[in-house]
Structure formats: structure tokens, C-alpha cells
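Worksheet: one structure, shown below.
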Amino acid sequence: MAQDQIKALTGMNDVLPGQSQVWRYLEGQVKAVLDGFGYQEIRMPIVEQTNLFKRSIGEVTDIVEKEMYTFNDRSDRSLTLRPEGTASCVRACDEHQLIANNKRQRLWYMGPMFRYERPQKGRYRQFHQIGVETFGMASADIDAELIIMTHQLWQRLNIREKVTLELNTLGSSEARANFKAALVDYLSERKDQLDEDSQRRLSTNPLRILDSKNAQTQALLNDAPNFQDYIDEESAEHFSHLRALLDAVGVEYVINPRLVRGLDYYGKTVFEWVTNELGAQGTVCAGGRYDGLVEQMGGKATPAVGFAMGIERLILMLEAMDAVPEHVLSYVDVYLVSELEVADKAMVLAAKLREQMPNLRLQMHMGGGKMKKQMKQANESSARFAFILGENEIANGQVSIKDLRDNAEQISLSQDEAANWLTEQLTA
RNA sequence: GUGGCCGUAGCUCAGUCGGUAGAGCGCAGGAUUGUGAUUCCUGUGGUCGAGGGUUCGAUCCCCUUCGGCCACCCCA
């Protein structure tokens, strides 16, 4: 290997052939579920004005303070590679009047996000999310729909048993502010008993202290102010409505009063799907309600709920659980080999088959070579069948077919019958 | 940003108490001029992550640096 070889940047990964098959499988399953619920795709730019993220995510969050890929372009404007999708989505919806006058929208997007963090398992500097955002719907039924939708996805992906839904409500901004003040009062008096990180969070993001992994801090929190005493009535009703809907549909959840979420814009419902299959990065999908964000960003007050899931994390899960179906790795149905003398006839047969079967995945051997070599290529191609053309077959208008998976007897068919026979085999 | 572990062939790893390296798998060819996945034979494989220091001599010891993995912080 060359020493001065240029390599991919830290935390930015190539998705190689084979891996990409799994990505396409996952994306396909997600799209199928989204289609089933009538959600529409929206595609936003990957780069935005830096201020968009500062305004939406919150100036004092870690994302904005130290994790953004921010640079000046040639016109000296400050631009940022998006660290998440919600801000861009809200911007696009407002800019194009998609949510004017509380018009309802159910939207999704998929693509790369960028955060300058130290990579570790399930966390990369360029990572990929599938995000879902809904606008114009204030009642808890849409919160429930989103959760039910993800629940259905886990079932489709066969990972349902290994993910747990954690649920909480953050209440109204007033309730949250009151609670935050009380919490800060309580903890400030006991500051010396807090772990170092939590002491810092006391001034930056006190609610996050609830999330602390430090045992002593958690013990201290047992006697701290309880959010139940601060929650506003409307949020409490919203939450119980959501719970009733999930109960009715049979989606199980765990109430986690200490689930807070890092971004400033969340209020009322927050949820996370977590797993212990992935080491430290156990959150596979997370979201919540952000009724205040659209207005905060200069639009009209518009209720909104959404979530995002991490594609890399889901793929790690699929692999950890061995939940990738066999057929996903196959990318060829038929591998066509031929003797050099009839290679042009093979081209003609391939063209004919492709015309008759638009969905057929047919790969042709190129460059001739010995039959042994061609068959070896066929075997490695993931094809189920090798189609063999030699002078004998051409003389009889036939094609020989070998099943590469089981050791069935090789057969010969008339070339005209091949398409029908294949259709039968591949749909069986 | 902080901490721990690790960098030897395409991959997984061994090794040299300091004398410029080896296995398995893979890959290529052949046994088998119309047949893969099994078997057998042959071949291909490396500036031992990079730079510097000590030394007659460094892949090995020391320093620096880069990269990877995992964890903290934080998040999908």
C-alpha cells in the first residue's frame, strides 16, 4: 500500500458493494412503510446558512457549539454542512408555503448529516438519517401515528424484540421553565455532590442532568423536584391521550421521566427507540414534538412532530441480529456464459431476455475465456442460474441452464421458452 | 475536546530476547481444450502505518506523528 495514499476522512465511510445491498434493503423497507402511511418525500440541500442551525437547534447545544462543519464560501458567507434535517425541512416548508395556514404535511427525507465528533461504534462524522416530519397537526393522534409507523417498521425488519420504546413528556415551555428553575435551585444547593459533567450542565443544559450516567448524581435526583408537579394540564392530557392510543394498538412502551433529548426545540412528547445490541450508542430512532420551532424560525405558529433514525445504527443492528435476509445479498439472477465462437449470439439472447423481462437481473460474461473460468465467475456472481450457450445450443436454438444453488440436473430449453421458464422459477 | 487499546501480505493473524519476515484464507494458472461451489499441484504476494533518535545494524528499543477501534462528553 502506498504510504502517501489519500484516504477517506476520519469518520467518513465508504459503503462498499455488498454493504450497499443491505443499505438498499433497509431503505426499501422504510420507504414501503412510509408509502403505506401516505408520507411524501422532500429533498433538501446538504449545505445551509449557518444561522439556520444556530437558531433552530439552540446556541448552547453541543451540536452548535463544537460539532458543526462550518466554513466560509468564496463570497465569505458562513455555511454549514447540516448536522440534522429538521431545521432544513422547516425552512423549506416555510419558504415554499407548504405549511401556510396550518396546512397539513407528512414528509420524510433521507441522506447524510455531518457532526464533528470522535467516531465510535454507531457514530460517524458523516452519518445517515431517515427523518420524518409532520406539520399542522396538534393532537396526540399524530404522535401515535409516528410511533406506530416505526413499530411497524421494526416488525418488518425483524428487530422488534430487541428495541424498546421510551416515552416522556416535557410539557409546555412554561411548565418546563418552571421545573427547570426548581431543579436548578435544588441542585445548586448540592453542587458539590454532583459529578463534574453535571456541574457544567447546571448552567448550560440542566435538564440533561436527569440523564446522567453517574450513580451518585442519579441518587441525588431521587429527591429532586418532580416534573409531575409542574406539568401543565394540556400537556398531561396530550400525553395520556397518546398513551391510550398506543395501548389500544398494542405498542408497548416504558415511561422514562428522565428522557430529555438534547435539542432545544422539543416540547410535550419525546420518545426514543433504544437497544442494547449496539454498545454505547443505543438509540436507533428518536424524536418528539416541536410546536414552537416554526414560529421561532420566523413562520406562523405551526404544530409539528417528527423523528429521525440512524441508518448506520439500524444496519449494525440488522447484522448483529443476523436479520438480513439471504436474498438481499444476491444481485444477479442469471449469469450468461458462452463459447467464444457464439459470443455474438449470446449478446442477442441477452437483449431478447432483457426485453421480455424488464426486471430480470442478467449479467453477461465478458471477454471469453475457458468455460471453467466462466462458470467460476457465474458462481461468484450470486446468480441463481448459469445460462450456457455453445455451438450445440445455437445449432438447436436452445440454451442450457444450470442451477447454481442446488445440484439439480442441467437442462436445455428452447430459447423461446426461456423467458417463461425463468419467470416461473424466479417468482416461485 | 479527554481516556484506553491497537497498526506486519487483499483479509485474519504469527514472528524476530535487535541481524530487513511466515501461515491460513484469498487471488492467478494448471491437473480437467463444454461446466462452478469439493480435492491436488504451482505461482502471486510486504519500503513490518509514517518521520526522527539510539545502534555497526531497527519491523522489534525510545520519541513524535498519522490512522483505526472502543469508551467519556454528546447524539441518530
Side-chain angles (χ1 to χ4, degrees), chain A residues 1-11 13 16 57 60-68 82-86 110-132 150 195-198 200-201 204-205 208 211-214 260-263 272-275 278-287 306-317 335 337-342 365 369-394 400-407 409-410 412:
Chain A
M1 192 197 297
Q3 316 86 35
D4 52 355
Q5 187 185 26
I6 295 177
K7 297 205 256 185
L9 296 171
T10 295
N13 301 116
L16 302 177
I57 298 168
V60 298
T61 56
D62 275 23
I63 290 179
V64 170
E65 278 188 335
K66 53 182 201 187
E67 292 174 4
M68 294 205 302
R82 62 181 185 194
E84 57 115 43
T86 301
M110 170 163 63
M113 309 292 164
F114 301 85
R115 290 181 202 171
Y116 193 92
E117 305 176 88
R118 286 284 279 272
Q120 70 189 70
K121 187 179 179 128
R123 178 215 278 171
Y124 311 99
R125 289 188 173 175
Q126 176 178 337
F127 62 104
H128 298 78
Q129 286 187 333
I130 295 164
V132 177
T150 52
D195 62 276
E196 207 179 312
D197 285 321
S198 293
R200 182 174 47 76
R201 278 180 284 208
T204 56
N205 197 347
R208 282 224 70 100
D211 247 1
S212 173
K213 290 175 187 170
N214 184 285
V260 169
R261 317 251 337 110
L263 304 152
E272 278 188 22
W273 287 97
V274 297
T275 179
L278 295 183
Q281 309 303 325
T283 302
V284 118
C285 170
F307 66 82
M309 49 196 160
I311 297 183
E312 284 86 350
R313 289 184 186 177
L314 285 169
I315 287 184
L316 284 171
M317 257 206 97
Y335 193 92
V337 308
S338 62
E339 291 181 304
L340 197 56
E341 295 76 18
V342 298
H365 184 83
K370 293 183 178 175
M371 192 55 72
K372 178 189 171 77
K373 183 182 177 181
Q374 296 197 32
M375 288 303 289
K376 196 173 176 182
Q377 298 278 331
N379 191 51
E380 285 163 10
S381 75
S382 85
R384 177 157 170 211
F385 299 108
F387 274 32
I388 301 156
L389 273 189
E391 292 184 279
N392 292 343
E393 282 80 3
I394 295 302
S400 292
I401 299 171
K402 183 153 190 172
D403 190 320
L404 295 169
R405 268 189 230 165
D406 39 47
N407 280 317
E409 194 76 12
Q410 182 169 313
S412 289

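Below, chain A is the first sequence line, B the second, and so on; all start at residue 1. Worth knowing before you read on, the calculation uses all heavy atoms, side chains too, and leaves out hydrogens, waters and symmetry mates.
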For this session: Starting at the 5' end of nucleotides 24-34 of chain B, put B wherever the base has a protein heavy atom under 4.0 Å, S where only the sugar-phosphate does, and a dash everywhere else.
Result: ---SSSSB--B
For this session: Using atom types as modelled and distance alone, determine if a side-chain donor or acceptor of A:E117 lies under 3.5 Å from a backbone N or O of A:E67.
Result: no
For this session: Side-chain contact test, heavy atoms from C-beta onward, threshold under 4.5 Å: evaluate it for A:K66 versus A:Y116 and give yes or no.
Result: no
Problem set entry | C1' gap between B:rU38 and B:rA31, integer Å | 15 Å
Problem set entry | Euclidean distance, atom CD of residue A:Q120 to atom C1' of B:rC5 [Å, nearest integer] | 14 Å
Problem set entry | P-based separation of B:rU44 from B:rA23 [nearest Å] | 12 Å
Exercise. How would you label the contact of A:E67 with the nucleic acid (heavy atoms, under 4.0 Å): base, sugar-phosphate, or nothing?
Worked result: sugar-phosphate
Exercise. NZ of A:K66 versus P of B:rU2: gap in Å, rounded?
Worked result: 11 Å
Exercise. Taking CZ from A:R82 and C1' from B:rA76, how many angstroms apart are they, rounded to a whole number?
Worked result: 13 Å
Exercise. If you look at every strand shown and take non-hydrogen atoms under 4.0 Å, does A:A286 touch a base, only sugar-phosphate, or nothing?
Worked result: sugar-phosphate
For this session: Quick one: stems involving RNA chain B, counted as three or more successive Watson-Crick or G-U pairs, both distances short of 3.5 Å.
Result: B:1-7 with B:66-72, B:10-13 with B:22-25, B:27-31 with B:39-43, B:49-53 with B:61-65
Seminar exercise, completed: note: A:F387, atom CZ; B:rG36, atom P; distance rounded to Å ~ 19 Å
Exercise. P atom, B:rU32 versus B:rC41: distance in rounded Å?
Worked result: 15 Å
For this session: Can you tell me, in whole Å, how much space there is between the C1' of B:rG7 and that of B:rU64?
Result: 16 Å
Exercise. Contact class for A:G131 vs. all strands (heavy atom < 4.0 Å): base, sugar-phosphate, or nothing?
Worked result: nothing
For this session: Please figure out whether A:E312 or A:R118 has its closest RNA chain B nucleotide nearer the 5' end.
Result: A:R118
For this session: May I have the distance from A:R200 (atom CZ) to B:rC72 (atom P), rounded to whole angstrom?
Result: 14 Å
Problem set entry | Contact check, side chains of A:S212 and A:D197, non-hydrogen atoms, under 4.5 Å | no
For this session: Please work out if A:Y116 contacts a base, only the sugar-phosphate, or nothing of the nucleic acid, heavy-atom cut-off 4.0 Å.
Result: nothing
Problem set entry | Flag side-chain contact, heavy atom, 4.5 Å: A:M110 against A:I311 | yes
Seminar exercise, completed: Per atom distances to the A:Q129 side chain, the nearest of B:rG36, B:rA76, B:rC74 is B:rA76
Exercise. Within a strict 4.5 Å, meaning less than it, do heavy atoms of the A:M371 and A:E339 side chains meet?
Worked result: yes
Exercise. Are side-chain heavy atoms of A:P112 and A:R82 found at a separation under 4.5 Å?
Worked result: yes
For this session: Starting at atom CD of A:E272, determine the distance to atom P of B:rC74, rounded to an integer number of angstrom.
Result: 13 Å
For this session: Using the C1' atom on both, measure B:rA28 against B:rA14 and round to a whole Å.
Result: 25 Å
Problem set entry | Per A:K402 side chain, nearest of listed nucleotides B:rC74, B:rA71, B:rG36 | B:rG36
For this session: Could you work out the separation of B:rG45 and B:rG10 based on their P atoms and round it to a whole Å?
Result: 11 Å
For this session: Please tell me which of A:S212 and A:I311 maps to the more 5' nucleotide of RNA chain B, matching each residue to the nucleotide holding its nearest heavy atom.
Result: A:S212
Exercise. Taking atom C1' in both B:rU8 and B:rG4, what distance in whole Å separates the two?
Worked result: 23 Å
Exercise. So does A:T10 get a side-chain nitrogen or oxygen closer than 4.0 Å to the phosphate oxygens (OP1/OP2) of B:rG68?
Worked result: yes
Exercise. To the nearest 0.5 Å, what is the distance between CH2 (A:W273) and CE (A:M317)?
Worked result: 11.0 Å
For this session: Answer yes or no: side-chain N or O of A:R313 and base N or O of B:rC75 forming a donor-acceptor pair under 3.5 Å.
Result: yes
Problem set entry | CZ on A:R125 to CZ on A:R115, rounded to 0.5 Å | 13.5 Å
For this session: Scan A:V284 against the nucleic acid and name what it touches under 4.0 Å (heavy atoms): base, sugar-phosphate only, or nothing.
Result: sugar-phosphate
Seminar exercise, completed: Rounded to whole Å, the CZ-C1' distance (A:R201 to B:rC72) equals 11 Å
Exercise. Are A:M375 and A:L404 close enough that some pair of their side-chain heavy atoms sits under 4.5 Å apart?
Worked result: yes
Exercise. Do A:V342 and A:E393 have side-chain heavy atoms sitting under 4.5 Å apart?
Worked result: no
Exercise. Can you tell me how far CD of A:E391 sits from OG of A:S338, rounded to the nearest 0.5 angstrom?
Worked result: 11.0 Å
Problem set entry | Interatomic distance, A:D197 CG vs B:rC72 P [rounded to whole Å] | 11 Å
Problem set entry | Pairwise C1' distance, B:rG1 and B:rC56 [rounded to whole Å] | 46 Å
